[in-house]
Amino acid sequence: MDTNTTPSNFIRSIIEEDLASGKVKKVVTRFPPEPNGYLHIGHAKSICLNFGLAKDYNGTCHLRFDDTNPEKEDVEYIESIMEDVRWLGFDWGEHLYYASDYFPQLYDFAVELIKQGKAYVCELSAEQIREYRGTLTEPGKESPYRNRSVEENLELFERMKNGEFEEGSHVLRAKIDMAAPNVVMRDPVLYRIKKVPHHRTGDQWVIYPMYDFTHCLSDAIEGITHSICTLEFENNRPLYEWILEQVYPKPHPQQIEFARLNLSYTVMSKRKLLQLVEKGIVRGWDDPRMPTLAGLRRRGYTPEAIRDFCERIGVAKANSIVDYALLEHCLRDDLNQKAPRAMAVLRPLKVVIENYPEGQVEYLEAVNNPNDPKAGTRLVPFAREIFIERDDFMLDPPKKFYRLAPGREVRLRFAYFIKCTDVILDEAGNVVELRAVYDPETKGGSAPDGRKVKATLHWVAAEHSLPAEVRLYDHLFNKEDPNEGDLFENLNPNSLEVLSDARVELSLKDVQPGDKFQFERLGYFCADLDSTAERLVFNRTVPLKDTWAKLQKK
RNA sequence: UGGGGUGUAGCCAAGCUGGUAAGGCACAGGACUUUGACUCCUGCAUUCCCUGGUUCGAGUCCAGGCACCCCAGCCA
């Protein structure tokens, strides 16, 4: 029954050992986003990892909002995060938590720490704390407030809670070791005063716990067994363990770090993504060029493709930048199986078939998906005037170009062979229209006499087709690592191209936003959120692989 | 010059107790083709950051280097 083919990794090894040794009975993981931005594909890696582990080892995975900084957080983000996790295909069931729900318990743990003489209220300013912290190579020095009595600390901390002090005037700090080589351990701040209402607790609190204090205890409270986070928290692990060691009974959750995902040509930092949104470089968090799950969804990516991708990239500890082409491959792989085919002409070039009866329309049978016989067939109208892709015709074709050219015969997909008989140019010498003749004997696309053509073109009847807007996307940045140098100078000015004169086949009349298709010979497209019955709008999710384009570059 | 990590092909990444370098993407050929798509074959690391050492044998063990990443928020 276990058809799990997920490749193994060092985290799975740890879990398997813990299960085998009996150290852990049931695996409990968690995905702990801070609701201060939209989820992106880097989060997808973490979501797939945490939920995937829980699923594969018959455990559970919690969704917990790490909402300890009300200044940056918002319910808008909470909602989008839940929507995105669900969309990706994961279910936290009953296990929805908020660190803010633990504020009362966290406060009690802080009091406990004070009673043990392991935390104190410090009145140094932020700048002073920084100075006292020392540097990476020199030890820090102890705060003059470090040796207050337990009673005084207790009283001061309570007064902090009661709002008697100004923001920044007092903090609660752990009393660890100002000379620790790991700066995280140099009396880290545990609580700070913020007289800011919280999106969930309102104005109930004016002191808020820091990440380091909150995270380990939240994990412990929820019975998390394996607390999986990214590499930059490796330095914080000793503090994670120190806090639990002081106030929480064993067993403790185990923190394990892995390398976050980086994708070529894209940025993954929430701060940078926020900038793109705020500066209006993209249309919003769900702009189809964004690596956010909302953006990818709008672009036409499927959850299946993203999950497949997350599985293929693996989990390890080495920093890396994954080739965007792998994501695209996963998408094509998925859509090739399930996207119905349709014909659309992005840059129309009119062809008049001179020997085809004027006014006649016939309906030709087209296969909906050659990879899925169950998808059936549909009828597409054919007439005397059609549009083909401009790129499918060349006046003076090079050797390897085997599409339409003067005097040349090609096949129109599911229709007839046509031969180009004449080319109409404007004064500037641009091709504006083609004249052709068709062979009635080749209906359906094959010649009874057995003659072959080298190319098959997609097409659309001129009258019997629909106008549409098509949005073509490219990487938002033109550098493999956009973080190298100035981010905004690395922007790709051509990341969006809007084609407003495209034509699509009639069967696409009633498409709904999100509907996905393969436009034959072009790529995978989906109807955009902006698409209406009056104005069809399609996003190109990803182009098909294009051997001809590759040849042209040579 | 402190501490914590990581280094296997163009990009990811397996490689567990040493036994003679998985897989995927990309790329290059070829077959097939009513999508120059898909599919299918074939090729793609005498070598695992470097240098020594141990061993019959080392990507795997030991020693010493080198490179890159993270840490001095009252962010997470």
Side-chain angles (χ1 to χ4, degrees), chain A residues 7-9 13 32-34 36 66 68-69 71-72 122 124-126 129-131 133-140 167-173 180-186 188-194 207-208 210-212 214-215 229-238 257 259 261 264 270-271 309 311-330 332-333 336-337 341 343 366-367 370-371 400-403 411-415 417 442 444-446 452-458 480 518-523 543-551:
Chain A
S8 191
N9 57 56
S13 304
E34 183 190 13
N36 67 345
D66 211 344
T68 58
N69 186 358
E71 281 172 333
K72 293 186 176 170
C122 183
L124 251 25
S125 69
I129 286 182
R130 196 189 320 122
E131 286 161 18
R133 188 149 35 218
T135 70
L136 295 177
T137 50
E138 306 156 37
E167 274 186 31
S169 65
H170 296 65
V171 291
L172 181 73
R173 294 227 254 166
N182 179 353
V183 294
V184 168
M185 299 299 270
R186 317 238 261 231
V189 172
L190 266 21
Y191 266 89
R192 75 289 216 194
I193 299 169
K194 273 184 196 287
I207 56 171
Y208 292 96
M210 299 288 290
Y211 164 84
D212 287 303
T214 310
H215 207 87
C229 62
T230 44
L231 251 29
E232 65 270 27
F233 292 101
E234 249 171 337
N235 296 316
N236 301 53
R237 192 171 65 226
E257 311 84 11
L261 169 67
S264 56
K270 275 199 242 180
R271 201 191 95 247
F309 171 75
E311 203 157 277
R312 292 194 200 214
I313 55 177
V315 177
K317 293 192 68 157
N319 283 316
S320 62
I321 301 179
V322 176
D323 193 342
Y324 200 93
L326 179 59
L327 215 209
E328 296 188 322
H329 172 267
C330 294
R332 291 192 189 103
D333 202 35
N336 183 38
Q337 296 310 313
R341 316 283 123 127
M343 289 199 284
V367 174
N371 292 319
K400 297 266 177 110
F401 182 89
Y402 49 82
R403 277 111 91 146
R411 167 168 42 236
L412 293 177
R413 175 136 238 230
F414 304 125
F417 284 10
T442 58
S446 51
K452 302 284 187 202
V453 287
K454 293 201 77 173
T456 300
L457 310 187
H458 60 277
E480 254 190 74
Q518 184 200 97
F519 288 169
E520 297 228 19
R521 302 210 309 133
L522 296 173
L544 248 29
K545 284 196 156 188
D546 191 344
T547 307
W548 166 239
K550 215 178 274 177
L551 284 172

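Scope of the values below: all heavy atoms of this structure, side chains included, with no hydrogens, waters or symmetry mates. Here is the naming used below: chain letters follow the sequence lines, and residue numbers restart at 1 for every chain.
Of all heavy-atom pairs spanning A/Asn182 and A/Asn235, the tightest one is ND2-O, 2.9 Å. Nearest heavy-atom pair, A/Ala549 versus A/Asp546, reported as atom, atom and distance to 0.1 Å: N-OD1, 3.0 Å.
In this structure, B/rA76 forms no base pair with any nucleotide, since neither Watson-Crick nor G-U wobble geometry is met with both distances under 3.5 Å. A 3.5 Å limit on both hydrogen-bonding distances identifies no Watson-Crick or G-U partner for B/rU1. Pairing for B/rC40 is with B/rG30, a Watson-Crick or G-U wobble pair whose two hydrogen-bonding atom distances lie under 3.5 Å. Pair assignment for B/rG64: B/rC50, on the basis of Watson-Crick or G-U wobble contacts that are both within less than 3.5 Å.
Among the heavy atoms of the strands, none lies under 4.0 Å from A/Tyr208. Using a 4.0 Å heavy-atom cutoff across all strands shown, A/Val189 reaches sugar-phosphate atoms only and no base atom. Heavy atoms of A/Leu261 sit nowhere under 4.0 angstrom from any nucleic acid atom. Base engagement by A/Leu551 is indicated by at least one non-hydrogen atom pair under 4.0 Å involving a base atom. Looking at heavy-atom distances under 4.0 Å, A/Thr547 makes contact with sugar-phosphate atoms alone, never a base. Base contact: A/Asn236 has a heavy atom under 4.0 Å from a base atom. At the heavy-atom level, A/Phe519 lies nowhere under 4.0 Å from the strands shown. Heavy atoms of A/Arg173 sit nowhere under 4.0 angstrom from any nucleic acid atom. Looking at heavy-atom distances under 4.0 Å, A/Lys72 makes contact with sugar-phosphate atoms alone, never a base. Within the 4.0 angstrom heavy-atom criterion, no nucleotide atom of any strand lies near A/Pro32. A/Ser446 comes within 4.0 angstrom of a nucleotide base, judged by non-hydrogen atoms across all strands. Residue-level contact check: A/Arg186 touches neither bases nor backbone, having no heavy atom under 4.0 Å from any strand. As judged by a 4.0 angstrom heavy-atom cut-off over every strand, A/Arg133 is placed among residues touching the sugar-phosphate backbone only. Among the heavy atoms of the strands lying under 4.0 Å from A/Glu520 is at least one base atom, whether or not backbone atoms are also near.
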Exercise for the section: Could you run through nucleotides 10-17 of chain B and give me one letter per nucleotide, 5' to 3': B if any protein heavy atom sits under 4.0 Å from the base, S if only the sugar-phosphate is that close, - if neither? Expected result: -SSSS---

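Atom CG in A/Leu261 sits 11.5 Å away from atom CG in A/Asn319 (nearest 0.5 Å).
Between A/Arg192 and B/rA76 there is a side-chain N or O to OP1 or OP2 distance below 4.0 Å. Between A/Arg332 and B/rA37, a side-chain N or O to OP1/OP2 separation shorter than 4.0 Å is absent. Phosphate proximity of B/rG4 to A/Arg237: absent, as no side-chain N or O sits under 4.0 Å from OP1 or OP2. Neither OP1 nor OP2 of B/rC74 sits under 4.0 Å from any side-chain N or O of A/Ser125.
Between A/Arg521 atom CZ and B/rA37 atom P the separation is 11 Å, expressed in whole Å. For the pair A/His458 NE2 and B/rC38 C1', the interatomic distance rounds to 17 Å; values are reported in whole Å. As a whole-Å value, the separation of A/Ile129 CD1 from B/rC71 P is 19 Å. Protein atom CD of A/Gln337 is 16 Å distant from nucleotide atom P of B/rA37, rounded to whole Å. One interatomic measurement links the two molecules: CD of A/Glu257 to P of B/rG3, which rounds to 19 Å at whole-angstrom precision.
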Exercise for the section: List the steps, then state whether side-chain hydrogen bond (donor to acceptor under 3.5 Å, both in side chains) holds for A/Arg521 with A/His458. Expected result: CA-CA 7 Å; A/Arg521 302 210 309 133; A/His458 60 277; 3.2 Å; yes

Exercise for the section: Please report the C-alpha distance between A/Glu167 and A/Lys194 in whole Å, then the side-chain angles of each, then the deciding distance to 0.1 Å, and finally whether the salt bridge (charged side-chain N to carboxylate O under 4.0 Å, His left out) criterion is met. Expected result: CA-CA 6 Å; A/Glu167 274 186 31; A/Lys194 273 184 196 287; over 6 Å; no

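For the pair A/Arg237 and A/Glu257, the salt-bridge criterion is met [side-chain N within less than 4.0 Å of a carboxylate O]. Between A/Glu234 and A/Lys317 there is a salt bridge, since a side-chain N of the basic residue sits under 4.0 Å from a carboxylate O of the acidic one.
For B/rG73, the O4'-C1' to base torsion is within 90° of 0; the nucleotide is therefore syn.
A donor atom on one side chain and an acceptor atom on the other are not found under 3.5 Å apart for A/Asn69 and A/Asn36.
When each of A/Pro33 and A/Lys550 is assigned the nucleotide of RNA chain B with its nearest heavy atom, A/Lys550 is the one assigned upstream, toward the 5' end. Mapping A/Val183 and A/Met210 onto RNA chain B via the closest heavy atom, the residue that lands nearer the 5' end is A/Val183.
The separation of B/rG65 from B/rA45, taken at their C1' atoms, amounts to 24 Å, rounded to a whole angstrom.
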